[in-house]
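All values below come from the heavy atoms of this structure, side chains included, with hydrogens, waters and symmetry mates left out.
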Amino acid sequence: MKSSSLARALLASVALSASVLLAGCDTDQVSLATNAKANQPVPPKLVAAMAEKDMDLQSPILVRLFKQEAELEVWKQTRSGQFALLKTYPICRWSGDLGPKVREGDRQAPEGFYSINPSQMNPQSAYYLSFNTGYPNAFDKALGRTGSQLMVHGDCSSRGCYAMTDEQIAEIYSLGRESFFGGQKAFQLQAYPFKMTPVNMAKHRTNPNMAFWKMIKEGYDHFEVTRQEPRVDFCEKKYVFDAAKPADAKRDPVFDASAKCPAYVIPEDIASAVREKEERDQAEYNKLVSKGTPVARMNTGIDGGMNKIFASKIPEGSTGLSEGAEGSTLQMLAMSKAPGTIPGTVNPPKPNFEPTAAQEPVVAVAAPAATTRVAAATPAATAPAAAAPAEKSSGGGFFSGIARKMGMGTADTTATTSPPQATASAAPATTSTTPATATSRLKAAVTRFVPGHDKDKPVAAAKPAEPAKPTETKVAATRPALKPSVSNASADAGSSGQMSGAAPVVSSNSFDSRFGAVK
């Protein structure tokens with residue numbers, strides 16, 4: 001075992017050295033090969049969980065995000081070929097409202113299906129580590145939607161992103177890295193407003209985004225019944241899932257998000273299973289509506305949400321548009337362990353007082369016909385629109401080199417992150433910049449819930465949002481380079497499939513297949 005591990009390490013070193021030599025005097029290439037944050041190993045507890053669930057360390061992954069529940073799920077392929085849930089991570093912060101992102105500056109975190117390839121992984125992020133969601137995809141572009149630099153990153157600060165703690169993103173990043181090493185050319189990211197259950201659909205039945213949500217629910221259902229990554233395509237400004245060529249066709253259908261749909265079929269085994277699930281869901285939905293299930297209130301100006309475990313740790317903490325504590329109060333959760341370090345600069349969800357942009361309602365595309373199927377992004381779909389200048393790009397970095405060697409084109413600004421936003425801005429020079437300790441945060445939490453305890457000691461208010469300067473990249477530098485694993489702090493769970501534009505999964509784990517281009 002030791003000799004095989006040593007051989008693997010030596011092969012990795014040789015391969016990395018070769019890629020650096022091929023890149024010439026590329027300083028990013030050299031730094032990324034030894035980037036400590038990006039090369040943290042998968043925690044032993046998570047590796048043990050994989051063994052229990054019959055998963056390989058480098059088997060493919062799939063990620064699902066839910067705003068209302070404020071959860072990120074990592075699914076992993078088992079040796080049976082199906083996906084099982086490996087772990088659920090509470091989301092520290094997301095911004096905007098339930099609903100898709102429509103335009104640059106609306107603070108919305110994206111919803112839909114996206115594809116993440118190695119060039120979108122950013123080890124040089126100002127938010128510790130990050131990966132770009134690939135928004136806008138081909139569907140978003142066909143509707144004229146705009147936006148860039150929409151990330152899943154650390155630092156618990158969001159302005160249209162999904163923000164985790166640094167420890168969480170380090171773990172998620174390592175899982176993505178290992179899947180690429182195992183041959184997966186891109187992993188699928190599915191982002192939803194909530195878990196697409198009959199109860200949630202009934203609660204939000206009057207929401208103007210319901211037509212869009214019903215469309216992406218079909219992709220959700222495809223995954224639920226197959227436990228395979230659904231293939232995603234776009235045509236006629238709608239999603240199409242698991243499309244295949246008709247029996248009499250000589251070639252695969254060609255999809256264009258803005259053009260008429262080509263002739264295609266959904267494999268009968270998948271189509272029938274999805275129909276049965278949809279019928280069950282619809283029957284349950286009808287019962288709930290007939291019983292008068294209350295309709296969820298529309299956004300009253302609250303900006304985004306936060307998982308209850310994080311809200312319980314912050315003075316005046318609130319879950320915002322995410323679900324509050326069920327079965328356990330915030331007071332009880334305040335005594336539990338947080339899954340990672342919560343920065344002292346984090347702002348809990350609160351009313352959004354930004355003018356104009358937030359006042360216009362976000363309404364999705366009109367409802368598609370009943371036969372509409374949901375789909376995934378084509379290669380062009382995952383490439384974001386021209387991005388604003390970013391603090392660091394991994395376009396010439398290690399993962400981008402892998403992407404090019406795997407035939408995935410050159411890296412672009414999808415692997416960059418914007419400078420720290422207002423929620424992570426530094427306090428004035430007269431204010432101490434020392435991060436809050438775990439003890440001080442616990443003391444603050446106790447202060448809120450124990451009458452009379454330190455009641456005369458004021459709690460520092462969150463600094464109002466200010467535009468960040470393009471050159472400000474100090475957030476990552478002010479924290480330790482490495483964060484401990486959060487495996488012991490988050491619940492383990494159990495895993496998932498393929499999009500148009502995402503290359504087929506390669507089963508080989510050999511370095512020959514991984515780095516064949518360097519020979």
Side-chain angles (χ1 to χ4, degrees), residues 35-47 49-50 53 55 57-67 69-77 83-94 109-110 114-125 127-134 150-158 161-182 184 186-191 229 307 309-310 338-342 394 399 414-415 417 476 479 482-496:
N35 186 293
K37 291 187 295 183
N39 287 290
Q40 294 178 69
V42 177
K45 183 177 180 181
L46 208 51
V47 174
M50 292 179 201
K53 298 172 187 289
M55 302 168 178
L57 174 63
Q58 296 181 339
S59 67
I61 67 168
L62 180 147
V63 175
R64 299 202 302 182
L65 291 155
F66 302 97
K67 290 179 178 178
E69 292 80 5
E71 291 179 348
L72 181 153
E73 298 176 344
V74 174
W75 294 68
K76 198 163 180 63
Q77 194 175 59
F83 281 74
L85 181 59
L86 174 62
K87 186 168 180 177
T88 299
Y89 297 84
I91 296 175
C92 193
R93 192 73 169 87
W94 61 272
Y114 300 89
S115 184
I116 316 300
N117 65 51
S119 71
Q120 290 163 252
M121 307 288 282
N122 185 14
Q124 305 287 60
S125 174
Y127 298 103
Y128 196 73
L129 290 168
S130 68
F131 63 83
N132 193 300
T133 63
L150 280 303
M151 306 279 172
V152 176
H153 58 66
D155 201 46
C156 194
S157 172
S158 173
C161 298
Y162 292 98
M164 318 300 292
T165 61
D166 291 355
E167 292 87 347
Q168 287 177 312
I169 193 62
E171 197 167 291
I172 296 165
Y173 192 98
S174 71
L175 291 171
R177 179 196 67 219
E178 292 300 319
S179 77
F180 293 140
F181 282 168
Q184 186 175 23
F187 65 83
Q188 191 173 96
L189 174 72
Q190 303 176 6
E229 180 182 294
N307 190 279
I309 187 66
F310 294 111
T341 304
I342 305 175
S394 60
F399 274 111
T414 59
T417 51
R479 296 188 300 279
L482 298 179
K483 299 284 183 173
S485 167
V486 295
S487 290
N488 296 330
S490 299
D492 291 332
S495 264
S496 62

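- The minimum heavy-atom distance between Ile169 and Met164, with the atom names listed, is N-CB, 4.3 Å.
- Between atom CE of residue Met121 and atom CG of residue Leu129 there is a gap of 8.0 Å, rounded to the nearest 0.5 Å.
- In this pair, Tyr127 and His153 present their aromatic rings parallel. The plane angle is below 30°, not in the 30 to 60° band.
- Remark: side-chain polar atoms of Tyr162 are not paired, donor with acceptor, to backbone N or O of Lys67 under 3.5 angstrom.
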Worked check of side-chain contact (heavy atoms from CB on, under 4.5 Å) between Phe310 and Thr165 = CA-CA 10 Å; Phe310 294 111; Thr165 61; 3.5 Å; yes

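- Residues Val42 and Ser174 share a closest heavy-atom pair of CG2-OG, 3.6 Å.
- Between Gln58 atom CD and Arg177 atom CZ the span is 9.5 Å, to the nearest 0.5 Å.
- For Ala70, the side chain to side chain contact (heavy atoms under 4.5 Å, CB included) partners two or more places apart in sequence, or in a different chain, are Ile91, Trp94, Asn307, Ser322.
- Nearest heavy-atom pair across Ser130 and Tyr173 is O-CE1, 3.6 Å.
- Shortest non-hydrogen contact noted between Asn35 and Asn39 is O-ND2, 2.7 Å.
- Residues Val152 and Cys161 are not in side-chain contact: their nearest non-hydrogen atoms beyond the backbone lie 4.5 Å or more apart.
- A donor and an acceptor atom, one from each side chain of Ser119 and Asn117, are located under 3.5 Å apart.
- Not one N or O on the side chain of Glu167 forms a donor-acceptor pair closer than 3.5 Å with the backbone of Pro339.
- The salt bridge (Lys or Arg N to Asp or Glu O under 4.0 Å) test applied to Glu73 returns Arg64, Lys195, not counting sequence neighbours.
- How far NZ of Lys37 is from CD of Gln124: 7.0 Å, rounded to the nearest 0.5 Å.
- Taking the side chain as every heavy atom from C-beta outward, Leu46 and Leu175 approach each other to under 4.5 Å.
- A pairwise comparison of heavy atoms in Ile61 and Gly176 identifies CD1-CA, 3.7 Å as the closest pair.
- Closest heavy-atom contact between Tyr114 and Thr133: CB-O, 2.9 Å.
- Using a distance-only test at 3.5 Å, with no hydrogens or angles considered, no donor-acceptor pair links the side chain of Glu171 to the main chain of Gln168.
- Distance check, rounded to the nearest 0.5 Å: OH of Tyr89 to CG of Leu72 gives 8.0 Å.
- Between the side chains of Gln184 and Ser179, at least one donor-acceptor pair of N or O atoms lies under 3.5 Å.
- Looking only at distances, a side-chain donor or acceptor of Asp166 sits under 3.5 Å from a matching main-chain atom of Asp155.
- With rounding to the nearest 0.5 Å, the separation of CG in Leu65 from CG in Leu189 is 5.0 Å.
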